[in-house]
Participant: 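Below you will find the structure I want to go over with you.
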Amino acid sequence: MNSNRKMILAIIAVIVVVAIGAYALYGNFGPKEELKIATTTSLEDTGLLEELEAAFESKNPNVDVQFVAVGTGQALEYGRKGDVDLVMVHAKAQEDKFIEEGYGINRTVFAYNYFYIVGPASDPAKINGTNATTAFKNIMTSGTADPSLVSFVSRGDNSGTHTREIQIWNKTGADYNSSIRGQPWYIETGKGMGDTLTLANQKNAYTLSDSGTYLAFKGNLTLVPLVTQGKDLLNIYSMIPLNTTKFPNTNSADADKWIAFVMSDEGQKIFEEYGKAKYGQTLFTPLAGQPEPTN
Amino acid sequence: MLISLDPEVVTITLRTLEISLSSTLFGTLISIPLGGIIYFKTFKGKRVLINVIQTLYSLPTVLVGLLVFLLLSNEGPLGSLELLFTPGGMIIGQTILILPIVTGFTIIALSGVKDEIRDLAFSLGSSEFQTLRAIMREAKYALLGAVILGFGRAISEVGVAMMIGGNIRGFTRVITTTMALETSKGNVELSISLGMILLMIALAISVILNLIQEKK
């Protein structure tokens, strides 16, 4: 009986030691300053942020950069609550509102690329070579005629990509809420870009993706980009630190350092180079020192 | 992947163990005495309380995640602790998650002890504390089972880890959230390897439990 008790005591002791030891190793008590950044999945999924983070941390070894990757809508919600120090997002209308409400200041655009309308290579809705609004119109018409042939997969998560998608639907003259949502050919995933691309691929459907995520996932997809240019597909990324007046405890010193680094020659060079080796083309065009593109 | 032991996978595994074991430890420290009190004391509404505890076995991890998120958020009542998106916050969430199941199974474990032992201990002149110890000792395997069950729920959940931890690389990323992320990225092999690691941890725990029982 005693050996049993000893055994149990020993196990409890091991659990305690592991828990305490692990705390000492990984616990949140180090002298490092944490910079929490809410970012969009489209930036994180490409793998570019890891590279930016490594370069930044080697210059600022006392700062620990932590990314929470969610959709633009949720990233801005984290900002509104003061749960992060900085947001990196891509939906100008939502960003402007965020700043107007006083949660953030100094919106800094740092890079851009284009949204792609991707779909099956057979292109049953015949959108290849058109522009964004015509493409969406064609998808709607063909999808309504035969949902088993043509369908569209939406993020449906209030992300930057979803926001853009709604804008394009509304531009076609159709009302998004009454004549797009809930249609048999319109599928909402409520998930990130990668998951949505995978689902669209499974269903041989059309979807709207940022080009970065599409290129990063290209190897796993049979979908091809069909419409890739034009004003409606311009995708501009920006950083917004929280407003220190509203959130006095925010880590604005490190947020400013981060912004300075991203906009520096070294940071911008990462955007310029990233993806060349892995995907055969760059994923982003850096924007430092240039006006916000309009076409 | 499993064999090469990628350092990132090792760190993620250790972090997962750290967080889940801590939650199990805190959960146990609260639940076993709590279960004991509920079992030994007679009071009004005891049946209802046990029913409530049993209902909470099905507590959705996402609901715990959401409630703890609101609690720990900068605007929430415990916002000043700055525990959101940290391992500490995840431990709080997982501890809450496993409280009902460990408490409930503690009550069940104690109910399994024959009344004679209680009576015998009393008739031999044991104090209340000694009687309690005798009963606890008799129920120890079932109690250990309750702890393992709690650990199993903590290590396999993804809702709290994702919502409270935020899946931050190198900080709050654990096995289940890595699996969710890598699957969404299409890295199915890595996800499966991580799933195997998680099951191997469960196997190790179960083997240890069986060894203890055989020692009897």
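Note that these values count all heavy atoms, side chains included, but never hydrogens, waters or copies made by symmetry. Below, chains carry the letters A, B, ... as their sequence lines are ordered, and counting in each starts from 1.
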Participant: Could you walk me through whether V68(A) and N167(B) pass the side-chain contact (heavy atoms from CB on, under 4.5 Å) check?
Facilitator: CA-CA 7 Å; V68(A) 182; N167(B) 198 18; over 6 Å; no
Participant: What distance do D195(A) atom CG and T183(B) atom OG1 have between them, rounded to the nearest 0.5 Å?
Facilitator: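 Atom-to-atom, D195(A):CG and T183(B):OG1 are 8.5 Å apart.
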Participant: Does any heavy atom of chain B fall under 4.5 Å from the side chain of F67(A), the backbone, both, or neither of them?
Facilitator: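 When you check distances to chain B, only backbone atoms of F67(A) fall under 4.5 Å.
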Participant: How about K246(A): does its NZ atom have over 12 heavy atoms from other parts shown lying under 6.0 Å from it?
Facilitator: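 Atom NZ in K246(A) is crowded, with more than 12 foreign heavy atoms closer than 6.0 Å.
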Participant: Is it the backbone or the side chain of D83(A) that comes under 4.5 Å from a heavy atom of chain B, or both, or neither?
Facilitator: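 For D83(A), backbone and side chain are both near chain B.
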Participant: Rounded to the nearest 0.5 Å, what's the gap from NZ on K81(A) to CG on L72(B)? Could you check?
Facilitator: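 If I round to the nearest 0.5 Å, the distance is 12.5 Å.
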Participant: What is the distance from atom CZ of R80(A) to atom OG of S73(B), rounded to the nearest 0.5 Å?
Facilitator: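 Interatomic distance, R80(A) CZ to S73(B) OG, rounded to 0.5 Å: 13.0 Å.
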Participant: Any salt bridge linking R169(B) with E44(A)? Criterion: basic side-chain nitrogen under 4.0 Å from a carboxylate oxygen.
Facilitator: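 Salt bridge absent between R169(B) and E44(A).
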Participant: Identify which part of K36(A) has an atom lying under 4.5 Å from any heavy atom of chain B, answering side chain, backbone, both or neither.
Facilitator: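 Only the side chain of K36(A) comes within 4.5 Å of chain B.
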Participant: Give, as side chain, backbone, both or neither, the part of E50(A) having an atom under 4.5 angstrom from any heavy atom of chain B.
Facilitator: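 Contact with chain B is through both the backbone and side chain of E50(A).
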Participant: Go through the atoms of V65(A) and report whether side chain, backbone, both or neither lie under 4.5 Å from a heavy atom of chain B.
Facilitator: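 No part of V65(A) comes within 4.5 Å of chain B.
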Participant: Parallel, tilted or perpendicular, judged at 30° and 60°: which one describes the rings of Y78(A) and F69(B)?
Facilitator: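 Aromatic pair Y78(A)/F69(B) classed tilted.
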Participant: Which distance, rounded to the nearest 0.5 Å, do you find between the CD of E34(A) and the CZ of F85(B)?
Facilitator: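 Reported to 0.5 Å precision, the distance equals 12.0 Å.
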Participant: Taking everything shown except K257(A) itself, do over 12 heavy atoms lie less than 6.0 Å from its NZ?
Facilitator: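 Correct, the count exceeds 12.
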